[in-house]
Amino acid sequence: MRDLFGAVIRQARHDQERTLADVAGDAGVSVPYLSEMERGRKEPSSEMLAAVTRALGLDLLELVSKTYVELLRRQVDQPTAAPPRSVDHRRRAMSRSGEVLALAA
């Protein structure tokens with residue numbers, strides 16, 4: 001997941017033609033930390049993700065949806081990867097384990 005989030009954050013930054021220093025400053029994180037996040041080398045906390053996405057003008061729903069699109073893109077690029085499970089199958093698996101998945105916008 002950290003690779004996916006990092007790719008989405010980097011792409012959003014590039015799309016906005018902003019520097020690492022600019023976004024890091026707005027997010028209140030160091031430039032090296034943001035760079036490592038973008039490269040998938042850091043496992044950012046939810047607070048760090050929120051700070052960086054806010055600095056990029058994204059909300060949580062945009063981050064999650066762009067991450068999903070990136071995941072699909074990578075699966076198309078690697079046709080030998082296992083196909084994603086259906087939503088119903090995942091819901092059954094989560095309800096059996098007692099976990100709840102909540103996505104907030």
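Because the structure is a prediction, the values reported are computed rather than measured.
Using a 4.5 Å heavy-atom cutoff, the side chains of Arg74 and Asp3 are in contact.
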Might you work through the side chain to side chain contact (heavy atoms under 4.5 Å, CB included) test for Val64 and Tyr68, ending with a clear yes or no?
CA-CA 6 Å; Val64 171; Tyr68 178 71; 5.6 Å; no
From CA spacing to verdict: side chain to side chain contact (heavy atoms under 4.5 Å, CB included), Asp59, Thr53:
CA-CA 6 Å; Asp59 61 27; Thr53 55; over 6 Å; no
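To the nearest 0.5 Å, atoms CG (Leu63) and CD1 (Ile9) are separated by 6.0 Å. With values rounded to the nearest 0.5 angstrom, Glu36 atom CD is found 10.5 Å from Arg2 atom CZ. Atom CE of Met37 and atom CZ of Phe5 lie 9.5 Å apart (nearest 0.5 Å). Here CZ of Arg54 is found 11.5 Å from CG of Leu56. Values are rounded to the nearest 0.5 Å.
The heavy-atom pair separating Tyr33 from Glu43 by the smallest distance is OH-O, 4.3 Å. Here the closest heavy-atom approach between residue Ala7 and residue Glu70 is recorded as CB-OE2, 4.0 Å. For the pair Ala24 and Leu34, the tightest heavy-atom approach, listed with the atom from each and the gap, is N-CD2, 3.6 Å.
Leu60 and Val69 fall into different hydrophobic clusters, where Ile, Leu, Val, Met, Phe, Trp and Tyr are joined by side-chain heavy atoms under 4.5 Å apart, directly or via other members.
Surrounding CZ of Arg41 are at most 12 heavy atoms belonging to other residues, nucleotides or ligands under 6.0 Å away.
When each of Leu4, Leu61, Val8, Leu71 is paired with Lys66, the side chain to side chain contact (heavy atoms under 4.5 Å, CB included) condition holds for Val8 and for no other.
A distance-only check finds no donor-acceptor pair linking the side chain of Glu38 to the backbone of Ser35 [under 3.5 Å].
Between Arg18 and Asp26, at least one side-chain nitrogen of the basic residue sits less than 4.0 Å from a carboxylate oxygen of the acidic one, meeting the salt-bridge criterion.
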